[in-house]
There are 2 protein chains.
Amino acid sequence: MPFVRVEVCVLGLSESGLQVLLGQREAAPFAGQWALPGGVLRIDLDEDLDAAARRVMDERLSLTLPFLRQLVTVGSRTRDLDRAPWALSVVYRALVWVDQVQPLAGKRMRGLAWRPVEQAQSDATLAFDHRDLIALAVQQTRDEVDALTLPSGFVPSAFTLGELQALCERILGRALDKSSFRRKLHDRALVRPIEGAMKGGANRPAQVFELQR
Amino acid sequence: MPFVRVEVCVLGLSESGLQVLLGQREAAPFAGQWALPGGVLRIDLDEDLDAAARRVMDERLSLTLPFLRQLVTVGSRTRDLDRAPWALSVVYRALVWVDQVQPLAGKRMRGLAWRPVEQAQSDATLAFDHRDLIALAVQQTRDEVDALTLPSGFVPSAFTLGELQALCERILGRALDKSSFRRKLHDRALVRPIEGAMKGGANRPAQVFELQR
DNA sequence: TCAAAAGTGTTAGGCATACACCCATGT
DNA sequence: ACATGGGTGTATGCCTAACACTTTTGA
């Protein structure tokens, strides 16, 4: 049987756009190079694949990731020759707020750091095929936002439409039209106003919404 | 390490629409029930995951499948308790012409048979979660046709536009508008006429096309 | 002359973009 | 007053579905 690992592409949302969490490898293969965090599937600990991904990220980030989605599985004889004659990796994507995660080094990782996705997608020095995996994760995430199939559990329970739009724009890396955005939400009945709840700053107060169940 | 298998959801195109290839299981678990064909990953034989899927189908169908695409990976502690304490399956989808494959029983399968996808998708007696996997395969395949990202290598090297449209319609299970279909092909420059090549039946001859490289 | 399939044009509607404009509040 | 973000309306263009119509062959 092959050597089975789980890798997680953690995308982080920040003011400046999408970032990806990378760690610097300590051991071969690709020692010293940057890679997605991951870990070995433990059949004694993990109930299923999703649970394995959650456990691996728990250990690395001491934070239970709210939104995991399987991306792809890669495997071949030559993937990880230093450790096994045949290696298989199930790759997940997670989505978090950058300021809710403090990158701290774990075992077998010299350090964890956020990197802008544009930079990571054009960095040929990443370990394994992780550059391609990051590109895949970013693409899929942006497709989801385009289709407005929002990762429930990731968006806050209450928000103004302006906040929701800003969230989508930061993921997409481009501006959206306010009118079209709101019409789409309304037509598809994706959000519902919370009666009486308003949120005001130094300007006109905004209606607070929640996701339609 | 877990027990690793590869399952293949072979979709077959026939006059009457999409079909899926199912086999009747001989051994536990789910002995006697119908399931997707598959096999164990052999790290001594398979170079990578795609090669494993091709080998497994070679053994079952004595036919090298032209178009394989990974769908998803499922795994848990309880998936295949009769054979292993932890089982993982990488699921692929293939696309073939029904009349090019003669279903013949292989080892550990009492028989192989084509079943219409509509029927399979509502059959609660299929083994494992294979009903869901079939639904996923059908959905993804139809999405590809909708987007006109045709599986090159599956469509014949030369065809008339009528033939191509009929192919898409059989996959989708619904009729398409001739004019819209052709305009889309033309606008996106997906096909190219083969000079001088015409195909005639008992009616007006049609221009023969090939896929734009 | 007719049936059948190829191939073309025309119209109407839905959806997205762009942009203009009013509204309510704190400073 | 005015800057700021909330909220709404309108015009335009693109894509698509629907359908009508002509063309070319064999029977």
Side-chain angles (χ1 to χ4, degrees), chain A residues 13 15-16 139 142-150 155-212, chain B residues 15-16 142-150 155-212:
Chain A
L13 213 46
E15 298 304 321
S16 56
Q139 186 58 53
R142 288 184 170 160
D143 286 349
E144 283 174 20
V145 174
D146 270 329
L148 280 186
T149 54
L150 308 161
V155 295
S157 58
F159 47 82
T160 70
L161 296 188
E163 290 166 352
L164 185 60
Q165 181 174 345
L167 187 160
C168 291
E169 287 176 336
R170 284 203 298 273
I171 294 180
L172 292 173
R174 64 184 170 88
L176 294 173
D177 182 74
K178 182 167 53 165
S179 183
S180 308
F181 184 74
R182 289 170 185 227
R183 187 174 25 254
K184 213 182 314 188
L185 289 175
H186 180 264
D187 291 352
R188 304 190 195 170
L190 297 173
V191 295
R192 184 182 45 213
I194 301 177
E195 298 293 336
M198 302 293 277
K199 185 167 182 177
N203 44 29
R204 173 175 172 178
Q207 174 68 52
V208 177
F209 288 80
E210 61 184 346
L211 285 182
Q212 191 74 265
Chain B
E15 299 304 320
S16 56
R142 289 185 168 158
D143 286 348
E144 283 175 20
V145 174
D146 270 329
L148 280 188
T149 54
L150 308 161
V155 295
S157 57
F159 48 83
T160 69
L161 297 188
E163 290 166 352
L164 184 61
Q165 183 176 344
L167 188 159
C168 292
E169 286 174 338
R170 283 203 300 273
I171 294 180
L172 292 174
R174 64 184 171 89
L176 294 173
D177 182 76
K178 183 165 55 163
S179 184
S180 307
F181 184 75
R182 290 170 185 227
R183 187 173 24 255
K184 213 187 305 191
L185 289 175
H186 180 263
D187 291 351
R188 303 191 196 169
L190 296 173
V191 296
R192 183 183 44 212
I194 302 178
E195 297 295 334
M198 300 295 276
K199 185 167 183 176
N203 43 29
R204 173 173 173 178
Q207 174 68 53
V208 177
F209 288 79
E210 61 185 348
L211 285 181
Q212 191 74 265

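As a basis for the values below, the full set of heavy atoms in this structure was taken, side chains included, without hydrogen atoms, waters or symmetry mates. Chain letters run A, B, ... following the sequence lines, proteins first, then strands; residues in each count from 1.
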- Shoot me the first and last contacting nucleotide of DNA chain D against chain A, ordered 5' to 3', at under 4.0 angstrom to non-hydrogen atoms. D:dT4 to D:dT10
- Query: Listed by chain and number, what are the side chain to side chain donor-acceptor pair (under 3.5 Å) partners of B:Ser16, not counting sequence neighbours?
  - Reply: B:Ser14
- Residues forming a side chain to side chain donor-acceptor pair (under 3.5 Å) with B:Glu169, sequence neighbours excluded: B:Gln165
- Taken in chain and number order and not counting sequence neighbours, the residues that satisfy salt bridge (Lys or Arg N to Asp or Glu O under 4.0 Å) with A:Asp177 are none
- Atom NZ of B:Lys184 and atom OG of B:Ser179: how far apart are they, to the nearest 0.5 Å? 11.5 Å
- Query: In residues 158-168 of chain A, what residues come within less than 4.0 Å of DNA chain D, judged by heavy atoms?
  - Reply: A:Gly162
- Value rounded to 0.5 Å, distance of CG in A:Asp146 from CD1 in A:Ile171: 10.5 Å
- Return the set of residues passing side chain to side chain donor-acceptor pair (under 3.5 Å) with A:Asn203 (not counting sequence neighbours), or none when no residue passes. none
- Task: State which residues pass salt bridge (Lys or Arg N to Asp or Glu O under 4.0 Å) with B:Arg142; sequence neighbours excluded, sorted by chain then number.
- Result: B:Glu118
- How long is the span from the CG atom in B:Leu164 to the CZ atom in B:Phe181, to the nearest 0.5 Å? 4.0 Å
- Message: Within residues 177-195 of chain B, which residues have any heavy atom lying less than 4.0 Å from an atom of DNA chain C?
- Response: B:Lys178, B:Ser179, B:Arg182
- Task: Please list, by residue number, the residues of residues 203-210 of chain B whose heavy atoms come closer than 4.0 Å to an atom of DNA chain C; answer none if no residue qualifies.
- Result: B:Asn203, B:Arg204, B:Pro205, B:Ala206, B:Gln207
Using distance only, find each side-chain donor-acceptor pair of residues 185-200 of chain B under 3.5 Å and give its atom names and separation, not counting sequence neighbours.
unit_1   : atom_1 : unit_2   : atom_2 : d
B:Arg188 : NH1    : B:Ala147 : O      : 3.4
B:Arg192 : NE     : B:Glu210 : OE2    : 3.2
B:Arg192 : NH1    : B:Gln212 : OE1    : 2.7
B:Arg192 : NH2    : B:Glu210 : OE2    : 2.9
B:Lys199 : NZ     : B:Glu163 : OE2    : 2.6

